[in-house]
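Position 1 is the first residue of the sequence, and the numbers go up from there. Just so you know, ligand 1 is whichever comes first in the structure, and atom 1 is the first atom listed for that ligand.
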Amino acid sequence: MEVTQAAVRSVQHDLFGVLGRPAGHSLSPAMMQAAFDVLGLKAYYLALEADDLAEALAALDAVGFRGLSVTVPFKQEAMKLCVHVDAAAQRIGAVNTLRRTQGGWEGRNTDWLGAVRALERQLSLQGVTALVFGAGGAARGVVYGLTEAGAHVVITNRTEDRARELAAALPCSWVPMESFHRVKPQVVVQTTSAGMSGRPYAFRVPQNFFTPQMVVMDIVYSPLETPFLRQAKAAGARVVDGLEMLLYQGIEQFSWWLNRPAPEAAMRQALRRAAHERKGKAVHE
Ligand code: ATR
């Protein structure tokens with residue numbers, strides 16, 4: 001049976017959600033529902049798990065969902081199913097945000113904006129040297145954002161070929177893992193899954209690498225204080241945990257969907273509370 005737009009629709013509340021597999025661990029529902037509630041908006045934000053992305057998007061369109069956050073493993077595939085995607089998403093090769101239009105889903109990437117806004121609360125990125133650990137999908141967004149904000153980016157990665165490919169694609173510089181300590185960055189961003197709860201911590205960062213002049217961010221937020229951030233903090237660096245990037249990418253999503261400023265304080269509080277409640281369980285947006 002074919003699903004049509006007229007089959008059923010939500011008439012009292014606007015519907016939003018995060019679409020992934022798995023999605024049950026996501027902290028986005030706590031953050032986004034808090035935003036809707038504090039502004040008195042009649043809207044629900046749900047965690048949605050799907051096997052087939054194309055089928056899921058058709059169904060959610062038919063039911064009338066207004067906006068979606070897209071997470072692992074659908075960020076690349078979602079881009080191909082959009083009627084339009086913004087220039088940043090095209091460069092990054094992934095969308096994390098969808099908005100329903102008459103003609104279909106429109107896609108955008110706010111991950112890079114989340115990284116930039118979280119860091120720019122600490123310092124201006126214009127002209128600084130930034131060292132990024134990792135060369136996966138998450139690194140791509142972060143490197144794009146840092147470059148857009150005017151930073152000189154150097155990446156390093158366990159698998160050198162991936163570092164070389166990403167550096168050529170974006171473009172930015174890269175160094176082998178053995179020599180990252182020679183880069184003298186003002187900003188350091190850890191984008192790999194090393195350091196997530198339940199995974200072995202693989203980085204050997206020399207004792208004197210971190211300095212009090214640095215701003216160090218880890219995009220992992222389970223645990224909130226990763227071994228990487230703990231070492232940076234012990235050296236006196238200013239640290240930014242992974243929830244800040246999640247917060248700011250969510251703030252950008254909210255204002256794109258609703259065309260109004262997001263309630264930052266309420267979202268931060270809800271996000272931190274939800275993360276605290278889930279402490280110990282592995283979560284990765
Ligand atoms: P994501 O989209 O979350 O970035 P990904 O594309 O699979 O996921 O990339 C994972 C990143 O984490 C890669 O940079 C990976 O390094 P490799 O390219 O060498 O695989 C890095 N990574 C994962 N586990 C790691 C570990 N234990 N030590 C070092 N790097 C690790």
What atoms in ligand 1 come closer than 4.0 Å to a heavy atom of [X]?
{"X": "S193", "result": "12 (O), 23 (C), 24 (N)"}
{"X": "G134", "result": "14 (O)"}
{"X": "A138", "result": "1 (P), 2 (O), 4 (O)"}

*Does the ring of W256 carry R99 above it, NZ/CZ under 6.0 angstrom from centre and within 45° of its axis?*
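Here R99 passes the 6.0 Å and 45° test against W256.
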*Salt-bridge test for R268 and E264: reply yes if a basic N is under 4.0 Å from a carboxylate O, no otherwise.*
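Result for this pair is yes, salt bridge flagged.
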*ligand 1-proximal atoms of N157, by part, heavy-atom distance under 4.0 Å*: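 Side chain only.
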_R162, portion touching ligand 1 at heavy-atom distance under 4.0 Å_ =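 Near ligand 1, R162 shows its side chain, while the N, CA, C and O stay back.
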*asked:* Geometry only, no angles: is T192 polar-contacting ligand 1 at N/O separations under 3.5 Å?
replied: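 It does not: no N or O of T192 is found under 3.5 Å from an N or O of ligand 1.
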*What salt bridge (Lys or Arg N to Asp or Glu O under 4.0 Å) pairs are there with at least one residue in residues 81-93, not counting sequence neighbours?*
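Sorted result for residues 81-93: D86-R108.
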*Starting from the C-alpha separation in whole Å, work towards a yes-or-no answer on ring-ring contact (aromatic ring centres under 6.0 Å, His included) for F210 and F228.*
CA-CA 10 Å; F210 293 118; F228 196 81; 5.3 Å; yes
_The one among A163, P73, A135, G137 that brings a heavy atom closest to atom 8 (O) of ligand 1_ =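 Among A163, P73, A135, G137, the closest heavy atom to atom 8 (O) of ligand 1 comes from G137.
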*By ring-ring contact (aromatic ring centres under 6.0 Å, His included), which residues pair with H13, not counting sequence neighbours?*
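Partners of H13 under the ring-ring contact (aromatic ring centres under 6.0 Å, His included) test: Y44.
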*Between E244, E252, E148, which is the residue that forms a salt bridge (charged side-chain N to carboxylate O under 4.0 Å, His left out) with R117?*
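It is E252; the other options fail the test.
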